[in-house]
Amino acid sequence: MTGQEPETALPADFLLTAMAGRGPDDPVVRLAARQVRSAPRHHDHPVLAEALLSGPHAEEAPPWLLEAAVAAGLETVPEPSGSGSRPALVALALGHPSCPTALRERTLKECDARQLARLGTPCAAERLARALAGELRARGGTPPSMTPGLLEEPTTAQLVLQQGPLHDLVFAAARDTLPTAPDADSPDGEDDVTKWLERHRRAYAAWEGMWRRILKRHPERHRAFVEWAAGTDAEHTIRNELLGGLPWAVEPDLLTELAAADLDRFPSQLLLGRASRMRRDGSDEQRVLDHFAGELSALTDEEQLRVRHFVGRTSTALLDIGCRAPVTWVRHTASGTWRHLLDPARAKDGHHRAEWRARADTLAGLAVRFAETAARALPFWEPEDRYTAIAPDEVAWVRDMVLHLPTVTEDVRAGIRPIVRDARKRLHHRHPGLQPRHDERREIEEILGTIERVLADPPAATGTDRHRSALGAPAEVTVRELAGVTGRTLSEYLDRHPGDDCLVEKALLACAARGTRSDGDFEDVLRRHGSPDTVLLRLTEGLRANLGGAPSWREAWTRLVLARPDTGPDLVRALPAWSALRARGGRHGSAHPSVVTVVRAALGTAQDAWDRFAACPATHSGPTAWLRLGDLLDAAAAGTAWPKPPGSR
């Protein structure tokens with residue numbers, strides 16, 4: 001039989017239309033069936049076969065039609081994914097009430113893993129889903145322990161779960177036959193411990209990578225995964241991947257539950273720190289255990305075992321580790337599972353900014369809970385050995401804590417100050433082997449700078465960008481730093497420091513440096529000054545020293561000043577000449593009327609004065625861009641030498 005359509009065949013589109021709503025005995029239906037049977041591999045006939053099985057033959061179909069549908073579906077020209085099948089047609093045939101069990105089982109055995117996944121969609125018939133689940137469990141057998149190689153050559157279960165969405169039965173079968181956690185057996189006598197540890201580390205990284213791919217592919221099943229994994233080796237990995245790997249994809253209620261459960265692990269660290277200190281201070285093991293017996297009983301078996309392990313030793317080094325346990329936990333958690341939650345605006349999903357399912361206020365609330373938990377670790381901070389190099393995450397947790405605490409109390413400040421002092425001391429250690437890399441040094445300096453600014457001036461609890469709103473003390477904040485924050489943040493900062501005219505003047509100049517500030521923002525800042533009627537003239541007369549910057553800053557300042565209805569001639573004369581002369585009026589192509597009025601008043605009708613003024617040395621950029629309009633007008637009117645730019649010798 002060739003793949004060519006017989007000359008008497010009718011177009012598939014015609015047959016599909018004509019047999020709509022007809023029964024199996026209708027002449028058109030029989031004609032369509034004969035065409036499929038005569039040339040089952042014709043490119044039009046899979047469509048006809050699908051229409052027959054879902055329409056006239058939905059309840060009962062001849063064996064040859066089911067065979068032809070399966071063959072046509074599996075032999076479809078391969079798609080870009082490489083699956084090479086028409087899954088809807090094959091699934092329709094294999095899930096059909098008339099499909100023989102032998103045909104279904106034989107076909108599934110011939111399918112590769114990706115084809116099985118494409119057949120096992122949520123729309124698959126129950127009988128097909130059960131058969132698919134059986135095939136997956138048969139192929140899975142006893143699941144292997146995870147190894148790095150299984151990421152490159154995945155098992156059938158892995159490949160199926162990389163597709164989706166899946167029917168519940170198919171999903172459960174694939175999930176239950178996934179590779180198990182890496183084998184944690186101790187190395188044998190012929191194996192070097194270091195090599196074994198490295199091999200186990202790589203295997204565990206592969207295990208985490210496998211779960212990361214699966215959880216990303218099935219966001220609708222996150223809660224089901226968490227419930228299924230309870231009490232298994234996969235529980236810790238799944239929770240950590242959801243919380244720290246892709247928290248933006250997690251449903252808000254589940255994300256909140258996961259975060260709360262993670263913070264619930266912190267009390268065991270506090271108990272370990274307290275018990276280790278008591279043991280290090282000279283108490284014997286039994287006295288320590290008796291003292292904390294009630295609190296120990298509330299811990300899990302694993303947590304109790306860890307505490308007993310530490311207090312049962314006399315090693316000073318081990319007890320030092322136990323004493324620092326609360327700080328160590330917070331430090332690693334801040335840079336690990338909570339890193340995205342503490343700075344959601346910078347989270348990346350691949351190369352793109354993450355789109356969070358949880359609302360901003362939900363994320364802010366979680367960050368506050370973490371910060372309040374972290375603050376409880378401050379009393380357990382102890383300086384590292386003086387010959388230990390410093391790493392960014394040693395202070396990053398402190399920054400994250402103070403940026404999210406609603407109130408930075410004096411106790412918190414007292415706990416942070418020695419950490420900052422120690423970090424600065426170690427940062428400038430003279431021993432060359434203890435110097436951090438250049439990029440790490442810059443990062444640590446930025447972190448410490450943020451901490452110090454927050455201690456000097458904690459940002460408002462409602463700030464939208466707390467990293468940038470940590471501006472520090474008013475005397476130390478710069479015009480550029482004020483220009484870098486939003487109008488709301490600037491207003492909140494000024495609210496916290498009322499009556500500081502020097503700060504208000506910086507904020508006025510920052511409005512020009514920002515460029516995008518509105519006239520309303522400028523007026524709001526100006527109203528806070530003790531002498532709003534005179535401050536603009538003073539700042540404008542010394543604009544080069546006060547503001548500086550590029551031409552856009554001068555133009556922004558000029559625009560803001562001229563936009564005020566009560567700007568007088570003296571203030572207009574103090575503006576940079578180039579910027580003032582090019583300031584726009586109320587309509588396109590017009591000059592600002594206040595500037596025109598000032599120029600006319602100074603030059604009058606003297607032609608020589610107008611000619612001299614037209615040749616004035618004012619420029620767009622460079623020192624002469626700062627020449628004041630009034631100084632040039634006076635020189636042009638009097639015929640004297642042009643003045644030097646402000647600030648010139």
Side-chain angles (χ1 to χ4, degrees), residues 343 345-346 399 402-403 420 424 438-439 441-460 463-529 532 535-561 563 574-576 578-579 620-623 625-626 645-647:
D343 196 3
R346 300 185 186 182
R399 175 202 60 197
V402 296
L403 284 174
V420 174
R424 292 222 176 267
H438 177 71
D439 58 328
R441 172 182 291 278
R442 184 173 63 249
E443 182 181 358
I444 294 170
E445 291 281 10
E446 291 175 355
I447 293 171
L448 294 176
T450 299
I451 295 171
E452 290 166 339
R453 288 195 299 273
V454 174
L455 294 183
D457 177 72
T464 55
D465 190 348
R466 295 171 63 85
H467 279 79
R468 300 183 68 182
S469 63
L471 294 169
E476 298 175 0
V477 71
T478 66
V479 170
R480 284 182 179 272
E481 289 170 339
L482 293 176
V485 300
T486 64
R488 176 181 173 181
T489 298
L490 178 64
S491 180
E492 290 174 345
Y493 184 66
L494 295 174
D495 288 342
R496 296 198 297 275
H497 302 283
D500 190 333
D501 282 354
C502 182
L503 176 61
V504 173
E505 290 171 18
K506 291 180 187 177
L508 287 169
L509 296 166
C511 288
R514 174 81 174 189
T516 56
R517 293 270 192 256
S518 67
D519 300 341
D521 291 337
F522 190 69
E523 289 299 315
D524 176 66
V525 175
L526 182 60
R527 280 193 295 269
R528 301 169 184 269
H529 199 277
V535 64
L536 291 182
L537 178 59
R538 177 165 54 80
L539 290 177
T540 305
E541 288 177 338
L543 197 60
R544 185 179 187 184
N546 294 326
L547 180 63
S552 61
W553 290 18
R554 288 189 292 275
E555 293 165 5
W557 179 263
T558 301
R559 178 187 62 77
L560 291 168
V561 167
L575 290 169
W578 180 277
S579 300
H620 173 253
S621 60
W626 297 102

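Quick note: numbers below take in every heavy atom, side chains included, and nothing from hydrogens, waters or symmetry partners. Along the sequence shown, residues are numbered consecutively beginning with 1.
- L471 and E481 make their closest contact through CD2-O, 3.9 Å (heavy atoms, listed as atom of the first residue, atom of the second, distance).
- By the 4.0 Å N-to-carboxylate-O rule, D495 lies close enough to R528 to be salt-bridged with it.
- Taking 4.5 Å as the limit, some side-chain heavy atom of L509 sits within range of a side-chain heavy atom of L543.
- Counting heavy atoms from C-beta outward, R554 and H620 have side chains that stay 4.5 Å or more apart.
- V504 has its side chain out of reach of V535: every pair of non-hydrogen atoms, C-beta onward, lies at least 4.5 Å apart.
- Closest non-hydrogen pair, D343 versus R346, comes out as OD2-CD, 2.9 Å.
- Remark: side-chain polar atoms of K506 are not paired, donor with acceptor, to backbone N or O of L482 under 3.5 angstrom.
- The distance from the CG atom of D521 to the CG atom of L508 is 11.5 Å, given to the nearest 0.5 Å.
- Rounded to the nearest 0.5 Å, atoms CZ (R442) and CD1 (I447) are 11.5 Å apart.
- For the pair N546/V479, no side-chain contact is recorded, criterion being any heavy-atom separation below 4.5 Å from C-beta on.
- Using modelled atom types, one side-chain atom of R544 and one backbone atom of P646 make a donor-acceptor pair closer than 3.5 Å.
- Remark: R480 engages no residue in a side-chain hydrogen bond (donor to acceptor under 3.5 Å, both in side chains) (not counting sequence neighbours).
- Across all non-hydrogen atoms, the minimal contact from G472 to D457 is O-CB, 3.0 Å.
- A donor-acceptor contact shorter than 3.5 Å is absent between the side chain of E476 and the backbone of A473.
- With a 4.5 Å cut-off on side-chain heavy atoms, R514 and V485 do not count as touching.
- Summarising the geometry of A556 relative to G515, their closest heavy-atom pair is CB-CA, 4.4 Å, with the distance given to 0.1 Å.
- The side-chain hydrogen bond (donor to acceptor under 3.5 Å, both in side chains) search around E523 returns R564, not counting sequence neighbours.
- Of the inter-residue distances, the one linking L490 atom CG with L494 atom CG reads 4.5 Å to the nearest 0.5 angstrom.
- Remark: S621 engages no residue in a side-chain hydrogen bond (donor to acceptor under 3.5 Å, both in side chains) (not counting sequence neighbours).
- With 3.5 Å as the limit, one finds no donor-acceptor pair spanning the side chains of R488 and S491.
- Put simply, the side chain of L536 reaches to within 4.5 Å of the side chain of F522, judged on heavy atoms.
- Not counting sequence neighbours, the partners of E445 by the side chain to side chain contact (heavy atoms under 4.5 Å, CB included) test are R424, L427, H428, R441.
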Problem - Stepwise side chain to side chain contact (heavy atoms under 4.5 Å, CB included) test for V402 and T450 - result: CA-CA 9 Å; V402 296; T450 299; 5.9 Å; no

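- For S552, there are no side-chain hydrogen bond (donor to acceptor under 3.5 Å, both in side chains) partners at least two apart in sequence or on another chain.
- Counting all heavy atoms, side chain and backbone alike, W553 lies closest to A513 at NE1-O, 3.5 Å.
- Taking every heavy atom of both residues into account, P623 and P645 meet most closely at O-CB, 3.3 Å.
- Considering only residues two or more places apart in sequence or on other chains, H529 meets the ring pair (Phe, Tyr, Trp, His ring centres under 6.0 Å) condition with none of them.
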